Amino acid sequence: MNLYVSNLGFNFQTEELATLFMEYGAVSSAKVIVDKFTNRSKGFGFVEMPNQQEAEKAINELNGREVDGRSINVSEARPPRENTRYSNRY
DNA sequence: ACTGAGCGC
């Protein structure tokens, strides 16, 4: 399950994100989007968790949680294209 | 390129 984490602090890094989510379950991959020019965090990232139960638990526990003085927002990322009707691929 | 809505290369 892919997770989208936003409202992160600019000092938040990928390893911090991985460590945070591994507390609630297995994390296959985690990445914080970083600006190419400034090498600073853009304030959001992605976490992939193979176990859906742990993923949902991580969402419930980490969504709205205060990290680095800010309340982070955790939700499902890049929802599966179930609705191909609304996804136009030309 | 130094900040605050957003979806990765």
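Below, chains carry the letters A, B, ... as their sequence lines are ordered, and counting in each starts from 1. None of these values were measured; they are calculated from a predicted model.
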Spacing of [X] atom [atom1] relative to [N] atom [atom2], expressed in whole Å:
| X | N | atom1 | atom2 | result |
| --- | --- | --- | --- | --- |
| A/I33 | B/dA5 | CD1 | P | 18 Å |
| A/N73 | B/dG4 | CG | P | 18 Å |
| A/K36 | B/dG8 | NZ | P | 10 Å |
| A/F37 | B/dT3 | CZ | C1' | 15 Å |
| A/N2 | B/dG6 | CG | C1' | 17 Å |
| A/D35 | B/dG8 | CG | C1' | 13 Å |
| A/K42 | B/dA1 | NZ | C1' | 12 Å |
| A/R40 | B/dA5 | CZ | C1' | 20 Å |

Position toward the 5' end of DNA chain B (nearest nucleotide), A/L8 or A/V47: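 On the 5' side of the pair lies A/L8.
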query: Mapping A/G9 and A/T38 to their closest nucleotides on DNA chain B, which lands nearer the 5' end?
result: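 Its nearest nucleotide being more 5', the pick is A/T38.
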- request: Answer yes or no as to whether B/dC7 has its base stacked against A/F44, where stacking requires a ring-centre separation under 5.5 angstrom and planes under 30 degrees apart.
  value: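 Stack criterion not met.
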message: Tell me whether A/F46 and B/dG8 count as stacked here, given that the ring centres must be under 5.5 Å apart and the planes must differ by less than 30 degrees.
response: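 Here A/F46 meets both the 5.5 Å and the 30° conditions.
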- prompt: Counting any heavy atom closer than 4.0 Å, what does A/N7 reach on the DNA or RNA strands: base, sugar-phosphate only, or nothing?
  reply: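 Answer is base: heavy atoms of A/N7 come under 4.0 Å of a base.
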Nearest to the side chain of [X], heavy atoms from C-beta on, is which of [options]?
| X | options | value |
| --- | --- | --- |
| A/F10 | B/dA5, B/dG6, B/dG8 | B/dA5 |
| A/R70 | B/dA1, B/dG4, B/dG6 | B/dG4 |
| A/K31 | B/dG6, B/dC9, B/dC7 | B/dC9 |

Would you call [X] and [Y] a side-chain contact if the rule is heavy atoms closer than 4.5 Å?
| X | Y | result |
| --- | --- | --- |
| A/I59 | A/M1 | yes |
| A/I72 | A/L20 | yes |
| A/L8 | A/V67 | no |

task: Measure the OH-CG distance between A/Y24 and A/N51 for me, rounded to the nearest 0.5 Å.
output: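 It is 15.5 Å, given to the nearest 0.5 Å.
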- request: Determine whether A/F12 and A/L62 fall in the same hydrophobic cluster, where Ile, Leu, Val, Met, Phe, Trp and Tyr are linked whenever their side-chain heavy atoms lie under 4.5 Å apart.
  value: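 Linked, A/F12 and A/L62 end up in one cluster.
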